[in-house]
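Okay, structure first, notes after.
This chain uses plain numbering: 1 for the first residue, then up along the sequence. For ligands, and for the atoms within them, numbers begin at 1 and follow the listed sequence.
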Amino acid sequence: MSNRTFPDLNPPPRILLGAGPSNVHPRVYQAMMTPILGHLDPDFLHIMDETKDLLRAVFRTQNEETIAVSGTGSAGMEAAVANLIEPGERAVVCINGFFGDRIAEMASRYGAEVTRVEAEWGRIIEAEAVEAALKAVGPTKVVAIVHAETSTGVLQPLDDIVRLAHEHDALLLVDTVTSLGGCEVAVDGWGIDACHSASQKCLSCPPGMAPLTFSPRAADALRGRETKVRSWYLDMTLLDNYWGGKRAYHHTAPMTMVYALREGLRLVLEEGLEARVGRHQRNGQALWAGLEAMGLTLHAQEGYRLPVLTTVRIPEGIEDVKLRRALLYEHNIEIAGGLGPLAGKVWRIGLMGVASSAENVLAVLAALEQELSAQGFRLEKGAGVAAADRLLGSP
Ligand SMILES: *Cc1c(COP(=O)(O)O)cnc(C)c1O
């Protein structure tokens with residue numbers, strides 16, 4: 001062994017404007033410093049109950065089966081898929097980006113016969129395409145779709161898709177990982193049957209908890225299963241026995257993350273759901289105006305742009321990685337590159353949770369202007385910031 005020493009942790013104070021994680025609210029960090037309790041301590045069980053009530057308020061649901069899975073957003077996704085699908089059943093999965101594809105992959109691993117309904121990365125899934133698929137394939141257990149596609153910056157309208165799924169007696173599974181806490185989500189009002197999210201996007205917590213809720217129809221389907229859920233860890237019946245019901249030990253809840261989620265959700269309600277959605281919308285629109293005023297082109301279909309995650313095309317001749325490095329090292333700002341077919345073609349700029357602020361909009365626009373200019377991109381100096389500023393008004 002060498003005499004190598006390891007210094008105290010001292011990560012730089014980044015502004016996280018990528019595709020998640022986003023910045024953690026100071027009050028969430030504070031909640032995470034409070035002492036842990038035993039996993040069956042009545043005081044901890046009470047905190048779990050409060051967290052469930054907070055989740056119901058933010059999901060806008062009365063669903064009894066509402067918990068947070070210990071794990072990241074993908075664990076929530078996998079829990080929804082694993083519990084609702086039995087081997088040999090049909091799943092119609094809508095795919096217009098990276099995360100729709102991930103749902104399809106999971107569904108096939110759990111034995112589903114998967115029918116893919118695809119659209120270009122950057123456009124919404126048209127209800128007609130879902131209808132055609134449902135008519136063509138016959139009895140379908142689950143229709144799955146991503147509400148906010150973080151890979152493309154598209155916000156998917158759900159009303160027609162819900163109606164079609166229910167007309168065909170299928171359950172609707174919706175990924176709200178990036179929309180919950182930033183965009184309108186109304187689980188009961190919209191008729192969603194299974195809905196999962198994640199702590200580290202618009203809820204301003206670290207990654208590690210995945211909110212999950214099942215409608216009474218989904219819960220019935222779960223109770224009516226002929227086969228055991230293939231994942232023991234993600235079996236909703238076992239999880240629900242710990243989060244409610246018998247309070248039976250299943251796994252040791254990560255108390256610190258439950259505290260974090262509870263505080264993140266409390267912050268959402270303190271701000272008010274409507275005000276919070278309005279803030280994300282306003283800041284997103286200001287960013288779009290600023291990017292366009294700089295001469296850049298937004299990638300997502302107009303009218304369906306996601307205010308919490310903007311995709312913007314990388315101009316010809318600009319080096320993607322070099323620019324993102326410069327933003328990170330010179331400005332302490334993280335943005336994300338493109339995924340899959342959009343790699344090297346777009347940047348993804350997140351404005352999620354506490355990071356969705358007027359200051360961050362102006363900061364990222366100013367930094368982009370500087371680094372684009374440094375690479376020889378011709379733009380009108382100050383135009384981006386000025387355009388955004390006009391929409392943001394005086395603070
Ligand atoms: C981030 C994300 C996920 C995956 O979440 P992880 O926390 O990375 O596991 C799933 N769906 C969407 C839409 C996401 O943006």
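We find that D49 and R247 are joined by a salt bridge, their nearest charged nitrogen and carboxylate oxygen being less than 4.0 Å apart. Between R60 and E184, at least one side-chain N (NZ, or NE/NH1/NH2) sits under 4.0 Å from a carboxylate O, which counts as a salt bridge.
Side-chain atoms of S215 and N63 include no donor-acceptor pair closer than 3.5 Å.
The option from L306, D175, V308, T150 that lies nearest to atom 11 (N) of ligand 1, judged by heavy atoms, is D175.
Atom 12 (C) of ligand 1 has its closest protein heavy atom at F99 CG, 3.4 Å. K201 NZ, 2.7 Å is the protein heavy atom nearest to atom 2 (C) of ligand 1.
Between T72 and ligand 1, at least one pair of N/O atoms sits closer than 3.5 Å. Considering backbone and side-chain atoms alike, A75 places every N or O at 3.5 Å or more from each N or O of ligand 1. At a 3.5 angstrom cut-off on N or O pairs, E149 does not count as close to ligand 1.
Under a 4.0 Å heavy-atom criterion, G20 is not in contact with ligand 1. Contact annotation: H147 has no heavy atom less than 4.0 Å from any atom of ligand 1.
Only side-chain heavy atoms of T178 come within less than 4.0 Å of ligand 1; its backbone N, CA, C and O stay farther off. Contact annotation for A210 and ligand 1: no heavy atom of the residue comes within less than 4.0 Å of the ligand.
Every atom of ligand 1 with a heavy atom of G73 under 4.0 Å away is listed here by number and element: 5 (O), 6 (P), 7 (O), 9 (O). Here is the list of ligand 1 atoms found below 4.0 Å of a heavy atom in M77: 10 (C), 11 (N). Here is the list of ligand 1 atoms found below 4.0 Å of a heavy atom in S74: 4 (C), 5 (O), 6 (P), 9 (O). Interface of A148 with ligand 1, defined as ligand atoms under 4.0 Å from a residue heavy atom, comprises 13 (C).
A 4.5 Å side-chain heavy-atom check between V321 and R324 finds at least one atom pair inside the cut-off. Here the side chains of L273 and V268 are in contact, with some heavy-atom distance below 4.5 Å.
Rounding to the nearest 0.5 Å gives a distance of 5.0 Å between CG of L134 and NE2 of H168.
No donor-acceptor pair closer than 3.5 Å links the side chain of H147 to the backbone N or O of C195.
Ring orientation note: the planes of Y233 and H251 are tilted relative to one another, at an angle of 30° to 60°.
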